[in-house]
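See below for the structure under consideration.
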Amino acid sequence: MTISYKSPGTLEATRFEKIHSVIFKESKEASKIVANEIADLIRKKQKENKNCVLGLATGSSPISVYNELVRMHNDEGLSFSNVISYNLDEYFPMSKVDLQSYVYFMKIHLFDHIDIKKENIHIPDGSIASDKINKYCASYEKSISDSGGIDFQLLGIGRTGHIGFNEPGSNYDSSTRLVHLDYLTRNDARKAFVGIENVPTTAITMGIRTIRKSKRVVLMAWGNNKSSVVSKAIEGEIDSNIPASFLQKHKNATFVLDQSASEELTRVKTPWRTGQANWNEELKAKAVAWLCEKTNKSVLNLTESDYNENNLSELLLEKSYYDLNLDFYKRIFRSITGWPGGKPNSDDNGRPERSKPSKKRVLIFSPHPDDDVISMGGTFDRLVSQGHEVHVVYQTSGNIAVSNSDVLKFLEVINSTFPDCKCKNEELIGLLRNSTEIINNTRVREIAATIREKESLAATRFIGIPDSNVHFLKLPFYETGGIKKSTPTVLDLKLTTEIISKIKPHQIYAAGDLADPHGTHKVCLDILFDAIEKLKNESFMKDCWVWLYRGAWHEWPIHEIDMAVPMSPFQVLRKRKAIFYHQTQKDNVMFQGDDNREFWVRTEDRNRAIAKKFRDIGMSDYSAIETFKRYHF
Ligand code: F6R
């Protein structure tokens with residue numbers, strides 16, 4: 001077992017786990033450790049004059065590992081001249097030059113930047129003739145064993161539990177073969193293919209046995225949309241419906257997780273069940289919230305036996321069940337406020353925000369032009385109506401999410417309405433009419449960005465802030481013209497720092513989504529955190545509180561909520577209307593994930609669901625609630 005990972009915790013704490021697993025705060029930090037392990041192995045083999053055989057994965061999970069390996073190659077002279085690589089899989093059919101091919105993926109993320117010998121690279125050939133596939137797959141297997149077998153296999157995990165493209169139902173002894181892709185897997189790939197209908201239904205993948213035979217296996221999982229399948233693979237029974245669970249039988253496998261991907265593991269979700277809980281106020285609140293849900297009771301109805309019968313007797317050593325209930329009740333009760341900017345002339349004890357200054361400067365950061373109203377439209381509306389100076393900063397242009405037909409519509413309207421207009425744009429109109437793919441054309445992307453700007457202004461005018469309080473940062477990392485974004489640079493940081501320094505806010509609201517670690521929300525959040533870190537010693541920052549909201553997909557666990565802003569049915573309708581101004585994001589939304597509800601429906605469902613949770617634990621009956629967690633810097 002490698003020694004580069006921190007200890008996974010005591011045996012007690014991990015006693016539900018059947019695979020060695022390590023949890024890191026951030027995927028960035030974890031990726032560096034994984035890259036280090038690979039680099040150490042390459043160097044060790046070099047010293048022994050041997051080849052190092054790597055099994056490689058594609059997808060979003062290994063990108064930071066590849067970035068780090070490239071950095072080590074450039075800065076530390078790490079050579080890949082003794083590396084032989086075998087990729088796990090490739091879509092079928094797939095041409096090698098296709099932008100969606102794994103051949104292309106590996107080139108842009110790794111192979112084009114290191115000194116690996118071309119003849120040492122092996123990726124299943126998606127362009128092979130159908131009748132030659134079986135023979136081809138057997139030769140792939142043979143090539144792996146002829147090279148001495150895989151020394152180190154890097155893996156991601158699909159939400160179906162797949163490793164490689166070994167979908168549920170895969171056999172423990174399967175080898176390289178053609179497989180049918182699960183609907184969920186294809187849906188997850190729809191972004192890269194601009195629509196699920198374009199995602200191939202089949203792929204060539206190494207088998208479970210091929211992976212099992214690797215001397216060392218490291219599986220990485222980031223983000224909370226992997227947490228459920230990760231816990232099933234690690235703690236559940238070995239089950240062909242969760243192919244990653246087969247790794248329980250591997251002698252040298254490690255799961256490397258970030259905090260969000262580990263959320264469903266027993267030691268994280270319900271650590272009291274391991275007998276190793278480090279009780280603090282946060283964990284106590286988590287336990288009581290869990291107990292309410294488990295027993296289906298409101299908090300003031302929990303009894304001593306409820307605590308005893310559900311592994312929580314430890315809590316009773318310090319306090320009575322009555323006091324525990326009351327502590328939790330007060331905590332949640334105090335998070336509720338109709339005054340998100342603080343209630344003027346009131347006592348600050350028992351309220352989530354300070355009353356002073358009574359008129360605050362508020363800066364709402366919105367990753368895309370619409371997250372502000374989708375995620376916190378009700379709170380935004382209240383802040384404005386309660387007289388605060390509210391600014392909105394749209395961090396990216398969001399231009400990729402405007403369909404060709406929407407851009408076309410605006411161009412055609414201009415052409416028909418202003419027949420003498422010099423800018424006829426006939427060429428663009430032709431381009432847009434004849435393409436179903438995202439067009440990487442500067443003019444088209446500019447028009448798309450302008451459409452989103454104007455939609456945003458319609459919404460912010462409806463809520464009632466002047467246009468001068470609306471800022472469009474157009475962060476450069478996003479402006480690639482395609483779906484794949486570039487790595488943020490100092491320029492992204494500079495633009496973000498400048499706007500904060502200019503407004504000198506008392507409150508900052510930001511999207512705290514961690515579900516997709518490589519998604520735009522997370523990148524924007526990281527840039528914002530860096531900006532806050534840079535500015536934190538400025539005098540105005542001493543009086544600035546940061547509140548994190550969550551996007552359309554995901555809610556804060558109830559015990560983590562520091563501020564809950566209830567909405568009346570009328571306010572829900574106003575929020576809905578503000579969202580409707582983002583017309584290009586209605587009906588046929590382009591990047592929706594696997595949830596086909598429109599954004600306004602999702603957010604209303606979510607705001608209603610959390611209101612119900614508040615009611616279920618014994619709070620007042622609100623029709624909807626928006627929630628925030630305070631970020632302490
Ligand atoms: C990729 C592969 C897949 C991915 C998995 C996770 O070569 O074989 O098993 O590792 O689908 O994908 P991401 O990392 O994009 O979440």
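Atoms within each ligand, like the ligands themselves, are counted from 1 in listed order. Note that this is a predicted model, so its numbers are computed, not measured.
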(request) Say whether, by atom type as modelled, one donor and one acceptor occur between the side chain of T603 and the main chain of I374 under 3.5 angstrom. (result)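 Yes, T603 side chain to I374 backbone: donor-acceptor pair under 3.5 Å.
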(request) Can you label the angle between the F165 ring and the H162 ring as parallel, tilted or perpendicular, going by 30° and 60°? (result) perpendicular
(request) Determine the interplanar angle of the Y631 and F529 rings, folded into 0 to 90°, and report it as parallel if under 30°, tilted if 30 to 60°, perpendicular if over 60°. (result) parallel
(message) Going by the rule salt bridge (charged side-chain N to carboxylate O under 4.0 Å, His left out), which residues pair with K50 if we only count those two or more places apart in sequence or in a different chain?
(response)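 Testing K50 for salt bridge (charged side-chain N to carboxylate O under 4.0 Å, His left out), a comparison that skips the adjacent residues, returns E48.
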(message) So, using salt bridge (charged side-chain N to carboxylate O under 4.0 Å, His left out) as the criterion, who are the partners of K32 when residues are at least two apart?
(response)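 If we apply the salt bridge (charged side-chain N to carboxylate O under 4.0 Å, His left out) test to K32, skipping adjacent residues, there are no hits.
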(message) Residue by residue, ordered by chain and number, which ones reach under 4.0 Å of ligand 1 with a heavy atom?
(response)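 For ligand 1, the residues that come within the 4.0 Å heavy-atom cutoff are A57, T58, G59, S60, S61, L88, D89, G156, I157, G158, H162, G164, K226.
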(request) Kindly write out the residues that satisfy ring pair (Phe, Tyr, Trp, His ring centres under 6.0 Å) with F92, not counting sequence neighbours, or none if the list is empty. (result) none
